[in-house]
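Step one of this worksheet: look at the structure below.
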Amino acid sequence: MPSDPRQPTATPDRAGPPGPGRRDVLRAAGAAGAALAVTGWTLAGRTPTDTGTGHGPPAAGPAAASGPWFNAFHAPIGAYATFTLGFPGASGGFGLESGAPANQSVFVGSDPPDGGAPWSLPFFHDGVSGGVVPLARDAVHRDFRVATDTFTAQDLTFTLCSPVRPVPDPADPTAARASGGLSLPAAGGPLRTLPDVLLPAVFAELTLDNRAGARPRRVFLGVTGESPRLMDTPLDGVVFGSQRTRTALVADDTGATAVTGSYMGAILDGRTGGGSIGALVATVPAGQRRTYRVALCFHRAGDVTTGVAMRYWYTYRYPRIEDVATAATTGLADRIEACRADDELVRSAGRTPEQTFLLAQAIRSYYGCTALLADPGGRPWWNVMEGEYKYINTFDLTVDHLFYEIGMNPWTVRDVLDRTAGRYHYDSGAQFPPPDQQTAHPGGVSVTHDMGYWPDYTEPGQSHYEHSGRTGIFSYMTGEQLANWVLCAGVYTEQTGDTAWLEAKAGFLTDCLVSLENRDHPDPSRRDGVQSTDSTRCGPGGTEITTYDSIGPGLTTAVGNSYVAVKCWAAYVVLERLFTRLGRADPAGRARRQAEACAATVAAAATADGLLPANLRTGEDVRIIPVVEGLVYPYFAGREDATGADGPYGPLVRALRRHLRAVLVPGVCLTADGGWKLSSAGTNTWLSKTCLNEFTARRILGLDAADATARADTAAVSWLTRETSAYWAWSDQIVDGNATYSKYYPRGVTSILWLQEPPVTPPPSPTAGPVPTPTSTDTPTASPGPTATAEPDPSPTPSPGSDYDQGAEPAGPGRVRLWFEPHGFAPRFVVVHYTVGGRAQQNYFASPSGARWERIVDGVSPGDRIDCSMQYEKKGPQYDTPWFTYVAGATAARAHRLFRFR
């Protein structure tokens, strides 16, 4: 297909093969860009002065990666930066504002215990090694977690640490600590302030155990980069880069010496100065074990964007790279320990090993794409760039990042909602698809696909991606982005209780309802809840598309698409909730009628064998998984009742359940190795959407999908770590098992939804070793009861908000009340399962108290974390509720309202 005139080529510091870097080309199945698969890149002819080039894995150096040899982001928060590492060869290093690894050589090594050539982890190019040899891959063990990543080879241990924690609202002068549903450990509390959270640095520990050695041994950390020089401060460090864009290696220990040179081996032999390598070198005496702590720092000064001139927020506190280095090495041991505490977010969640890996890889990739900027008025702008494509705040990603950001820092959701409703909204008419495009009908408001292409913010009301006259990629997503805005607004309002914001947006929400109605049909008497028109911005011959712009048949065209239809149904359900909260009966009634019409239209389209067509207008005979996706938003926006099989939209929910069960079979929407294909018509699948739809299948639709989702997770890990994919960290679009498009991508944080489910493995003890067997209780617990008997189309497990509420609240000094409140039934018993501070699980009968059942937990200290789940009886069968978290001293928790991932 022809390239767009705004198609970027390789930038000067990325001198690798030129070619498509935009999803418009890369997403096109069968397009010429498909030749740029990972295995197609070569970087021949690299010289000893290489500082990192290219947009693909290097061919030279150690053998290609497989198994645990995969790249991962090690990223500060909000700095659009990463120190990427894990794929063999010159495949990582310092990256700022990049859609690909920096391809720098990284040396992490020591002298061997018995003499001979120095050895290093195999992350370097032979041309700059100077005689340093790569460690055998089978001699290296990797312990990969969400905030720490440890490589161990014999007596050498190297750990990279990067923060995973909430970002306080910069506009709130009282926000000394981060807020949000995630409750953080008491340890390291001061490091949760805004300057510390936004410190543009990650941290490392390099340990050499020479206690059995008979001679001193050198240990070293070195990186190739642009113009390395020794740091002009009392600190031992090396600075790379130009005056405005810099990175640095700096140690907090005077035992480490900063040096530069052309070859790592020569540096170790004392031949230093000049060259492209900056390194820290230390000597460990015989009979000793020493650990050296290092900060890896990033900095960009001045304005970094155009269209709207922005600077990084961190530059207010850290004007120079030297300021970053000083802050990062102050209390560096505490910073590293705080990162180890951050590991608990995933480690204690009770997920499978495959899910644990996917969560860690996804969260890391998300943070590497984040930037907190300040506009000329000093106002904060939160940005998430779209991986290799570098679009700014792509809104069909925002609606998926929503779940993670609501839990971590809800203000970032509000920030993007405000800017899309402000600078990045537009009005357009509606037109029927070809050949009936002659008449423009009333339409209404929507929001743009994105806010620009880094580093350029677009003009108000314009995106970079969307263009007129298109029928596939590059066209407008007017209808879906409109629904996405409503869904984000609904979840944000419900999860935060921000009624002032809701009231301020009442007029815009009314405009959204009008626009949704008009895009259904200009004639109110012919509305059925399903989008029938395209935006007039599509122009002659153009048609709207969905976020799944590259999937092909079944998910490209928006008009009549069943996936978009269910998302619009969700938007109407959410609008009814929002208008009811605002006390506006008329728009609430209109939204409800549209939701009812849409639900009826979709349910009526089901075939005798329970399948739903991909397109409700054309009957397109393709089967798709994402038709169920829209259910997740009402579930977290205060309308859990709408997602129940026995609720007000039961026929729709049951139809979606039957459909998903019918398509999750080999030859339809399952790959040979168990992965989930989004469409039966192709082999392209998006891992972020698989994560979301797994949650929908298990938690909302109640499918017995444990085996199917476990196989999908195993397949996803295999795909991401195989040779053709591992260079790109998290890649979202997998074609025939290989990372092909949407590489280096942030969207996988949809997997955070898994932390809203009951653990599938016991949560680990805070100390090493197996989890202890739960202690006996002083009150007998109920014996395990049967699960609800499966029917041909059973209802899902009752969900919070429809069947019950559960939560925790203070009950006096040192006491916490765990409570369960049933809705419309009287259980014979309720059992409370809980842990305090990660200690052994306790299991007690709750006592009835008015409308509630309660259990008081004594001996609780401020900051103690309590994880809790309930088991209750309802008309014979027994049900388990999702686990939720409460931190002693916090406000009361209601599990069905707040995300509490930690």
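Given the structure is predicted, the values throughout are model-derived calculations rather than measurements.
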Using only heavy-atom distances, determine whether the side chains of Arg519 and Ser515 contain a donor-acceptor pair under 3.5 Å. yes

Mind checking salt bridge (Lys or Arg N to Asp or Glu O under 4.0 Å) for Asp427 and listing every partner two or more places apart, or none if nothing turns up? none

Are the side chain of Ser751 and the backbone of Gly748 linked by a donor-acceptor contact shorter than 3.5 Å? yes

Pair Gln355, Trp754: side-chain N/O donor-acceptor within cut-off below 3.5 Å: no

Can you name the salt bridge (Lys or Arg N to Asp or Glu O under 4.0 Å) partners of Arg379, sequence neighbours left out? Asp375

Partners passing side-chain hydrogen bond (donor to acceptor under 3.5 Å, both in side chains) against Thr315 (at least two apart in sequence or in another chain): Arg311

Are a donor atom and an acceptor atom from the side chains of Thr543 and Asp534 found within less than 3.5 Å of each other? no

Starting from the C-alpha separation in whole Å, work towards a yes-or-no answer on side chain to side chain contact (heavy atoms under 4.5 Å, CB included) for Tyr391 and Met451. CA-CA 7 Å; Tyr391 290 108; Met451 299 180 183; over 6 Å; no

Sequence neighbours excluded, the answer for side-chain hydrogen bond (donor to acceptor under 3.5 Å, both in side chains) partners of Lys677 is none

Answer yes or no: is there an ion pair linking Lys689 with Asp400, defined by an N-O contact shorter than 4.0 Å? yes

For a side chain to side chain contact (heavy atoms under 4.5 Å, CB included) check, start with the C-alpha distance between Val164 and Met408, then their side-chain angles and the critical distance, and finish with the verdict. CA-CA 9 Å; Val164 178; Met408 276 292 191; 3.8 Å; yes

Residue set satisfying side-chain hydrogen bond (donor to acceptor under 3.5 Å, both in side chains) with Tyr563, at least two apart, ordered chain then number -> Glu480, Lys567

Rounded distance [0.5 Å steps], CD1 in Ile392 versus OG in Ser463: 11.5 Å

For residues Leu373 and Trp313, determine if any side-chain heavy atom of one lies less than 4.5 Å from a side-chain heavy atom of the other. no

Is a side-chain donor-acceptor pair under 3.5 Å present for Thr412 with Asp415? no

Taken in chain and number order and not counting sequence neighbours, the residues that satisfy side-chain hydrogen bond (donor to acceptor under 3.5 Å, both in side chains) with Ser365 are none

Gap separating the OG atom of Ser679 from the CD1 atom of Ile624, nearest 0.5 angstrom: 7.5 Å

Side chains of Ser428 and Ser535: donor-acceptor distance under 3.5 Å anywhere? yes

Return the CD to CG distance between Glu723 and Asn738, rounded to the nearest 0.5 Å. 10.0 Å

Please name all residues satisfying side-chain contact (heavy atoms from CB on, under 4.5 Å) with Ala79, sequence neighbours left out, ordered by chain then number. Pro76, Ala81, Pro200, Tyr314

Once salt bridge (charged side-chain N to carboxylate O under 4.0 Å, His left out) is applied, what residue pairs with a partner in residues 79-105 remain, sequence neighbours excluded? Glu97-Arg300

Residue list, salt bridge (Lys or Arg N to Asp or Glu O under 4.0 Å) with Arg414, at least two apart or on another chain: Asp169

Do we see a donor-acceptor contact under 3.5 Å between the side chains of Thr478 and Tyr426? yes

Residue pairs passing the side chain to side chain donor-acceptor pair (under 3.5 Å) test with at least one member in residues 71-80, sequence neighbours excluded, are His74-Asp149

Are Phe73 and Tyr744 close enough that their ring centers fall under 6.0 Å? yes

What distance do Gln104 atom CD and Thr84 atom OG1 have between them, rounded to the nearest 0.5 Å? 9.5 Å

For Ala301, give me all partners under side-chain contact (heavy atoms from CB on, under 4.5 Å), at least two apart in sequence or on another chain. His299

Side-chain contact test, heavy atoms from C-beta onward, threshold under 4.5 Å: evaluate it for Phe83 versus Leu160 and give yes or no. yes

Taking side chain as C-beta onward, heavy atoms only, is Glu629 less than 4.5 Å from Leu692? yes

Tell me if the centroids of the rings in Phe357 and Phe144 come within less than 6.0 Å of each other. yes

Less than 3.5 Å apart, any donor N or O on the side chain of Asp732 or Trp730 sitting next to an acceptor on the other? yes

Sorted by chain and number, sequence neighbours left out, salt bridge (Lys or Arg N to Asp or Glu O under 4.0 Å) with Arg423 holds for none

Side chains of Asn561 and Tyr548: do they bring a donor and an acceptor to under 3.5 Å? no

Rounded to the nearest 0.5 Å, how far apart are SG of Cys538 and CD of Glu544? 5.0 Å

Just verifying a value: how many Å separate Phe474 CZ and Ile545 CD1, rounded to the nearest 0.5 Å? 10.0 Å

Strictly by modelled atom types, are Asp673 and Thr671 linked by a side-chain donor-acceptor pair under 3.5 Å? yes

Judged by modelled atom types alone, do Thr547 and Arg747 share a side-chain donor-acceptor pair under 3.5 Å? yes

